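Below is one structure; the comments refer to it alone.
Only a predicted model underlies this, so the values are computations on that prediction, with no experimental measurement involved.
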Amino acid sequence: MTQESKAEVVHEYEPIDSRSIHGVTFDGKLVWFARDDEIVAFDPDSEKVVRRLPVPAASAGTAFDGEHLYQLAKGEILVVQPSDGRIVRKLPAPGKGEDSGMAWADGFLWVGQFRASKIHKVDAKTGEVVRTLTSDRFVTGVSCVDGALWHGSSNDGKGCELRRLASDGTVEETLAVPVSAIAGVEGTTGGDFWCGGEKGKLRLVRRESPR
């Protein structure tokens, strides 16, 4: 049986302006997010943007492997040097431009397809799809944290959710999030989630505390 809980918004930021935030990742200090033709690094402690990297067509998922950023850009996955924005490699995106969220874990990328409601496990070196999971809701952001695969759901006429999946794709847990939209998602080891939202919103979300 699926465990159902509620989440609450702990902090809400608008780091630059009201342009849409797409992919979101977190390196332990900085939140990196994509918005159209750039990747932005935001320091939540100072609430300031500290870096802006020009990356053409950066309009979907973003991931970080501890050294490089991975960015969905149309039909490609770009491997980006976070210090200067240099593109060091390119991989084919499994959804051929219909991709949404992305996460990195243990040498693999987990890449969502929004309306197809799929999540592909991709070899981060070759771009080969080694596995595909199917969801019953639209897939927005994707995150791997503490060995668990999560994805966001939004814009399908139902409430926004964060969903934890079993290894076969079965939904094990849902967190109902009281917001209008969820785009990029990145979990933290402390159990919180960074979520991109509507109109340039970046939110820190966590499981609702017992009242």
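Taking each heavy atom of S180 and S154 in turn, the nearest pair found is O-OG, 4.1 Å. Contact detail for V145 and T188: the closest heavy-atom pair is CG2-O, 3.3 Å. Of all heavy-atom pairs between R207 and E8, the closest is O-OE2, 4.0 Å. A pairwise comparison of heavy atoms in A148 and R164 identifies CB-CD, 3.9 Å as the closest pair. The minimum heavy-atom distance between E47 and F42, with the atom names listed, is C-CE1, 3.4 Å. The shortest non-hydrogen separation linking A7 to L175 is CB-CB, 4.2 Å.
The hydrophobic cluster containing V31 does not contain F64, counting ILVMFWY residues as joined when their side-chain heavy atoms lie under 4.5 angstrom apart, directly or transitively. V49 and W32 are members of different hydrophobic clusters when ILVMFWY side chains are connected at heavy-atom separations under 4.5 Å. Cluster annotation: L53 is connected to I87 through the hydrophobic network of ILVMFWY side chains, with a link wherever side-chain heavy atoms come within less than 4.5 Å. The hydrophobic clustering, which links ILVMFWY residues whose side-chain heavy atoms are closer than 4.5 Å, places V55 and Y70 apart. Criterion: ILVMFWY side-chain heavy atoms under 4.5 Å apart, direct or through other members. Under it, Y13 and I21 are part of a common hydrophobic cluster.
Salt bridge R206/D192: present, at least one basic N to carboxylate O contact under 4.0 Å. Using a cutoff of 4.0 Å between basic side-chain nitrogens and carboxylate oxygens, K158 and D136 are not scored as salt-bridged. Ion pairing of R19 with D37 is absent here, as no side-chain N (NZ or NE/NH1/NH2) approaches a carboxylate O to less than 4.0 Å.
For R51 (side chain) and G85 (main-chain N/O), no donor-acceptor pair under 3.5 Å exists by modelled atom type. Side-chain atoms of S153 come within 3.5 Å of backbone N or O of F138 as a donor-acceptor pair. S117 places a side-chain N or O within 3.5 Å of a backbone atom of R137 that can act as its donor or acceptor partner. Without hydrogens or angle criteria, D43 side chain to L30 main chain gives no donor-acceptor distance under 3.5 Å. Side-chain N or O atoms of Q71 include one that pairs as donor or acceptor with a backbone N or O of G61 at under 3.5 Å.
In this structure, the side chains of L133 and L149 come closer than 4.5 Å at one or more pairs of heavy atoms. Looking only at side-chain heavy atoms (C-beta outward), I77 and D99 stay at 4.5 Å or farther from each other. Using a 4.5 Å heavy-atom threshold, the side chains of C144 and F108 count as separate. Contact annotation: the side chain of D146 approaches that of T189 to within less than 4.5 Å [non-hydrogen atoms, C-beta and beyond]. Residues K118 and T134 have side chains in contact (heavy-atom distance under 4.5 Å, counting atoms from C-beta outward). Between H120 and Q113, the closest side-chain pair of non-hydrogen atoms falls below 4.5 Å. For the pair V177/F193, no side-chain contact is recorded, criterion being any heavy-atom separation below 4.5 Å from C-beta on. Within the 4.5 Å cutoff, the side chain of I39 has no heavy atoms near those of the F33 side chain.
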Step-by-step side chain to side chain contact (heavy atoms under 4.5 Å, CB included) determination, V179 to E12: CA-CA 11 Å; V179 296; E12 183 175 276; 5.7 Å; no
Test side chain to side chain contact (heavy atoms under 4.5 Å, CB included) applied to H22 and D36, step by step: CA-CA 8 Å; H22 307 299; D36 303 324; 3.1 Å; yes
Verdict with supporting geometry, T140 and C160, side chain to side chain contact (heavy atoms under 4.5 Å, CB included): CA-CA 10 Å; T140 58; C160 293; over 6 Å; no
Steps toward side chain to side chain contact (heavy atoms under 4.5 Å, CB included) verdict (V9, L204): CA-CA 6 Å; V9 176; L204 183 65; over 6 Å; no
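When the shell of 6.0 Å around CG of D106 is examined, it contains 12 or fewer heavy atoms from other residues, nucleotides or ligands. Around CD of E38, the count of heavy atoms belonging to other residues, nucleotides or ligands within 6.0 Å exceeds 12.
To the nearest 0.5 angstrom, R131 atom CZ is 11.0 Å from I119 atom CD1. Note that CG of D156 is 9.0 Å distant from CZ of R115, once rounded to the nearest 0.5 Å. Remark: E14 CD to K201 NZ distance equals 4.5 Å, nearest 0.5 Å. To the nearest 0.5 Å, atom OG1 of residue T25 and atom CG of residue L69 are 7.0 Å apart. Interatomic distance, NZ of K121 versus OG1 of T132, reported as 11.5 Å (0.5 Å rounding). With rounding to the nearest 0.5 Å, the separation of CZ in R163 from CD in E4 is 10.0 Å.
The only member of V24, V122, V111, T62 that meets side-chain contact (heavy atoms from CB on, under 4.5 Å) when paired with M102 is V111.
Donor-acceptor pairing under 3.5 Å is recorded for the side chains of S143 and E186.
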